[in-house]
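This is a predicted model, so every value here is computed, not measured. Throughout, protein chains are lettered first and strands after them, A, B, ... in sequence-line order, and every chain is numbered starting at 1.
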Protein chains: 2
Amino acid sequence: MADSEGGRPSAAAAPSDLKLDDYLPYRLSVAANAVSGLIARAYQARFDLTIPQWRLIAVLGEDGLSTQQALCARTLMDKVTVSRASAALVERGLVLRTPNASDRRSHRLALTPEGAALYRQIAPSALAYEAKLLTQFSPLEQQVAMKLLRRLQLAAIDLSGD
Amino acid sequence: MADSEGGRPSAAAAPSDLKLDDYLPYRLSVAANAVSGLIARAYQARFDLTIPQWRLIAVLGEDGLSTQQALCARTLMDKVTVSRASAALVERGLVLRTPNASDRRSHRLALTPEGAALYRQIAPSALAYEAKLLTQFSPLEQQVAMKLLRRLQLAAIDLSGD
DNA sequence: ACCAACAAGTTTCATTTGTAACTAAATCGA
DNA sequence: TCGATTTAGTTACAAATGAAACTTGTTGGT
């Protein structure tokens with residue numbers, strides 16, 4: 001067993017007691033991974049959609065017409081990601097691109113009737129997943145959690161430029 | 001402006017009111033992305049470590065000796081990821097591999113003195129980041145959030161096998 | 001003892017992801 | 001009205017990721 005340098009297990013307690021299991025960025029990453037994986041597998045298997053594709057459908061279903069640039073702002077995804085996801089959805093006939101008269105660099109995107117039908121099918125399933133994940137948490141706890149997630153995001157973005 | 005087809009925004013409200021902004025898997029993913037990005041950039045710039053590498057150092061700093069398999073279980077990372085991160089750390093002289101007498105397929109990993117020194121340097125900085133992210137939240141709120149993250153992870157894993 | 005099943009780690013390969021470079025169009029200033 | 005800068009979106013390329021195959025070693029049944 002060893003421990004060639006000290007008397008006790010060779011690792012001393014962390015300077016100010018860092019425990020990975022209780023470290024928020026770690027917990028957040030692991031939890032998000034688990035949830036994303038679950039959702040990704042579900043949508044892949046049932047609807048053959050990736051998460052970026054699903055997000056675009058969700059936003060187009062909510063907001064109606066949009067441009068890719070607006071979708072980037074709305075979903076916080078990279079413009080390359082949005083470009084690729086849009087192309088795939090257009091290809092599958094779920095999204096329609098029409099020229100944007102007021103700016104010929106961009107296009108207007110909207111769900112086709114098929115896309116809208118898919119949206120109406122997916123949305124309840126998405127909400128059901130969320131409900132299953134959130135069982136055991138009171139509305140108040142859920143509110144605290146959502147608030148924390150939003151705040152973490154802002155704080156992280158904020159700290160990025162220091 | 002515009003809206004070339006109807007009187008109102010062309011998208012109706014979602015079936016049971018799905019709002020992406022309030023959808024937990026989405027919020028979780030976005031928050032985790034922002035936080036991971038922040039941490040990743042910080043450790044890359046200051047210590048030239050990836051997140052997997054940093055996690056291994058954290059666990060080895062906490063626990064002392066370990067095998068890769070144990071590190072996989074502990075960090076919830078893939079064995080390929082752990083293998084590559086270990087190789088890089090050994091290469092840099094931060095981690096030492098010694099043969100495992102009781103099982104010659106595996107090796108024992110531990111921080112070298114340099115690795116331990118780096119750990120002692122990084123840990124306070126990691127805690128400082130966490131503290132900055134968590135300003136504005138009471139200890140109680142933090143506890144709720146941590147509990148929720150753990151529970152979400154378990155629920156997601158649970159739902160994966162249904 | 002032996003062979004089948006299994007486990008630790010590594011390597012290979014295909015997919016995903018994001019950064020940077022690029023094209024085309026709009027805007028802004030002189 | 002022209003050229004410089006900025007923006008929408010795509011393409012090209014490089015790095016990260018993970019599944020599957022592989023290697024080496026262990027274990028358990030007969």
*Asks:* Under 4.0 Å between a side-chain N or O of T81(B) and OP1 or OP2 of dG18(D)?
*Replies:*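 So the side-chain polar atoms of T81(B) do come within 4.0 Å of the phosphate oxygens OP1 or OP2 of dG18(D), strictly under.
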*Asks:* Side chain of V80(A), heavy atoms from C-beta onward: which of dA26(C), dA12(D), dG9(C) has the nearest atom to it?
*Replies:*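 Nearest to the side-chain atoms of V80(A), counting from C-beta on, is dA12(D).
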*Asks:* Given atom CD of E91(A) and atom P of dT10(D), what is their separation to the nearest angstrom?
*Replies:*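 Taking atom P of dT10(D) as the reference, CD of E91(A) is at 14 Å.
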*Asks:* For DNA chain D, whose closest nucleotide is more 5', that of V82(A) or that of N33(A)?
*Replies:*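 Final value for this comparison: V82(A).
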*Asks:* Taking D22(A) first and then R150(B), would you say they form a salt bridge - that is, a charged N and a carboxylate O separated by under 4.0 Å?
*Replies:*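 Salt bridge: yes.
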*Asks:* The side chain of R97(A) lies closest to which of these nucleotides: dA8(D), dT10(D), dA8(C)?
*Replies:*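 The listed nucleotide nearest to R97(A)'s side chain is dT10(D).
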*Asks:* Just the rounded figure in Å: distance from C1' of dA8(D) to CZ of R74(A).
*Replies:*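 Result: 20 Å.
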*Asks:* Report yes if a side-chain nitrogen or oxygen of S83(A) is closer than 4.0 Å to either non-bridging phosphate oxygen (OP1 or OP2) of dT10(D); otherwise report no.
*Replies:*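 Affirmative; the distance criterion is met.
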*Asks:* Can you figure out which of dT26(D), dT10(D), dG18(C) approaches the side chain of D78(A) most closely?
*Replies:*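 Side chain of D78(A) sits closest to dG18(C).
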*Asks:* What distance do R92(B) atom CZ and Q53(B) atom CD have between them, rounded to the nearest 0.5 Å?
*Replies:*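 Reported value, rounded in 0.5 Å steps: 6.5 Å.
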*Asks:* Taking the side chain of H107(B) as heavy atoms from C-beta outward, which of dA8(C), dG9(D), dT10(C) is closest to it?
*Replies:*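 Nearest nucleotide to the side chain: dT10(C).
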*Asks:* Measure CD/Q44(A) against C1'/dG18(D) and give the value in whole Å, please.
*Replies:*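 Value for this atom pair: 15 Å.
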*Asks:* Grab the two heavy atoms, one from L56(A) and one from M77(A), that are nearest each other, plus how far apart they are.
*Replies:*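 Smallest interatomic distance, heavy atoms only, reads CD2-CE, 3.9 Å.
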*Asks:* Among L96(B), L94(B), V95(B), which residue satisfies the side chain to side chain contact (heavy atoms under 4.5 Å, CB included) criterion with E114(B)?
*Replies:*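 Testing E114(B) for a side chain to side chain contact (heavy atoms under 4.5 Å, CB included) against L96(B), L94(B), V95(B) leaves exactly one candidate, L94(B).
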*Asks:* Quick one: L71(B) CG to dA8(C) P, roughly how many Å, whole number?
*Replies:*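 Checked: the CG to P distance equals 13 Å.
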*Asks:* Between the base of dA7(C) and the side chain of R105(B), is there a donor and acceptor pair under 3.5 angstrom?
*Replies:*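 Result: at least one qualifying N/O pair found.
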*Asks:* Classify the nucleic acid contact of S86(B) as base, sugar-phosphate or nothing, counting any heavy atom under 4.0 Å across all strands shown.
*Replies:*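 No contact at all - S86(B) keeps every heavy atom at 4.0 Å or more from the nucleic acid.
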*Asks:* For N100(A), answer base if it contacts any base atom (sugar-phosphate contacts may also be present), sugar-phosphate if it contacts only those atoms, and nothing otherwise; contact means non-hydrogen atoms under 4.0 Å.
*Replies:*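 N100(A): no heavy atom of the nucleic acid under 4.0 Å.
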*Asks:* At under 4.0 Å, does any side-chain N or O of Q68(B) touch on OP1 or OP2 of dA8(C)?
*Replies:*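 No, Q68(B) has no side-chain N/O under 4.0 Å of OP1/OP2 on dA8(C).
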*Asks:* Grab the CD-P distance between Q53(A) and dT17(C) for me, whole Å please.
*Replies:*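 So the two atoms are 10 Å apart, to the nearest Å.
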*Asks:* Between the base of dG18(D) and the side chain of R84(B), is there a donor-acceptor distance below 3.5 Å?
*Replies:*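 Indeed there is one.
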*Asks:* Hey, what do you get for CG (L24(A)) to CG (L134(B)), rounding to the nearest 0.5 Å?
*Replies:*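 It is 5.0 Å, given to the nearest 0.5 Å.
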*Asks:* Can you measure K79(B) atom NZ to dC22(D) atom P for me and round it to whole angstrom units?
*Replies:*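 It works out to 14 Å between those atoms.
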*Asks:* When the nearest nucleotide of DNA chain C is assigned to D103(B) and to A101(A) on a heavy-atom basis, which residue is associated with the more 5' position?
*Replies:*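 The answer here is D103(B).
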*Asks:* Rounded to whole angstroms, how far apart are CE on M77(B) and P on dT17(D)?
*Replies:*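 Distance check: M77(B) CE to dT17(D) P gives 10 Å.
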*Asks:* Side chain of R104(B) only, please: which of dG18(D), dG9(C), dT26(D) is the nearest?
*Replies:*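 Looking only at heavy atoms from C-beta outward on R104(B), the closest nucleotide is dT26(D).
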*Asks:* Do you know the tightest heavy-atom contact between S66(B) and L60(B)?
*Replies:*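 Closest heavy-atom pair between S66(B) and L60(B): CB-CD2, 3.9 Å.
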